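It should be emphasised that the depicted structure is a prediction, and the values quoted were computed from it without experimental measurement.
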Amino acid sequence: LFFGKNSTGGIVSLKSAEPTDYLDVMLRGGYELEAEEYMTEGYVSGPLADNIQGRVALRYSDMEGRIDNLVPPGTPGAFGPENTKAPGSEEFMAKAGLNFQVSPDFEIKLNGAYSDLDTQGTSLAQRYFCPSGAPGGPFGVPGTECELDNETALGDLKPALNHVD
């Protein structure tokens with residue numbers, strides 16, 4: 001943590017792990033119940049040859065979503081959601097590094113990273129304040145409750161608007 005002239009609240013410095021000169025391996029996974037998300041991540045680091053160390057780190061996660069979307073496909077006046085749960089996502093990340101110790105005074109470091117994120121559904125919100133007792137407005141679907149219960153009723157965007165190349 002640094003404090004200085006141009007850091008009124010301080011600066012947090014994060015440094016990625018370097019390849020090691022010994023074998024180092026880690027693998028872990030997890031599952032989140034409410035969003036139905038599982039993830040796995042791990043890395044391998046160590047010497048590849050004399051004066052060459054390498055490291056590869058990977059992470060994958062897949063989430064269904066924490067909010068149930070109650071708009072069934074084919075609802076009049078709404079485009080049915082592609083998924084019945086949202087916001088969903090699938091993510092893959094990879095990072096690799098190589099360190100070459102050319103001489104005691106000269107080292108070459110090569111690093112690269114890749115990331116791919118795919119999200120499903122539009123951003124969802126829950127109606128929790130309905131003065132008239134029922135959701136109103138252009139997105140109100142009959143039967144929707146006005147309480148925080150991880151349920152909503154929102155259709156997706158028009159298919160032509162919901163596609164990005």
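- One side chain, Ser45 or Thr20, offers a donor N or O that lies under 3.5 Å from an acceptor on the other.
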CA sep, side-chain torsions, deciding dist, call: Leu110, Phe100, side-chain contact (heavy atoms from CB on, under 4.5 Å): CA-CA 8 Å; Leu110 300 174; Phe100 300 92; 3.7 Å; yes
Test side-chain contact (heavy atoms from CB on, under 4.5 Å) applied to Val102 and Ile108, step by step: CA-CA 7 Å; Val102 179; Ile108 297 173; 3.9 Å; yes
side-chain contact (heavy atoms from CB on, under 4.5 Å) evaluation trace for Ser89 with Asp118: CA-CA 6 Å; Ser89 68; Asp118 180 26; over 6 Å; no
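- Between Gln53 and Asp21 the shortest heavy-atom distance is CG-CA, 3.9 Å.
- Residues Met63 and Tyr31 fall into different hydrophobic clusters, defined by Ile, Leu, Val, Met, Phe, Trp and Tyr side chains chained together at heavy-atom separations under 4.5 Å.
- No single ILVMFWY cluster, assembled from side-chain heavy atoms under 4.5 Å apart, contains both Leu117 and Met39.
- Taking a cutoff of 4.0 Å between a charged side-chain nitrogen and a carboxylate oxygen, Arg28 and Glu41 qualify as a salt bridge.
- Taking the side chain as every heavy atom from C-beta outward, Leu48 and Leu98 approach each other to under 4.5 Å.
- Between atom CD of residue Glu91 and atom OG1 of residue Thr119 there is a gap of 11.0 Å, rounded to the nearest 0.5 Å.
- There is a side-chain donor-acceptor pair under 3.5 Å between Glu90 and Tyr60.
- Taken together through direct or relayed side-chain contacts under 4.5 Å among Ile, Leu, Val, Met, Phe, Trp and Tyr, Leu33 and Tyr38 form part of one hydrophobic cluster.
- Put simply, the side chain of Met93 does not reach to within 4.5 Å of the side chain of Tyr114, judged on heavy atoms.
- Within 6.0 Å of the OH atom in Tyr22, the count of heavy atoms belonging to other residues, nucleotides or ligands does not exceed 12.
- Of all heavy-atom pairs spanning Gly97 and Pro19, the tightest one is O-CG, 3.7 Å.
- No cation-pi contact links Arg59 to Phe92, judged by a cut-off of 6.0 Å to the six-membered ring centre and 45° from its axis.
- Note that the NZ atom of Lys109 and the CD atom of Gln101 stand 9.0 Å from one another [nearest 0.5 Å].
- Between Thr40 and Leu27, the closest side-chain pair of non-hydrogen atoms falls below 4.5 Å.
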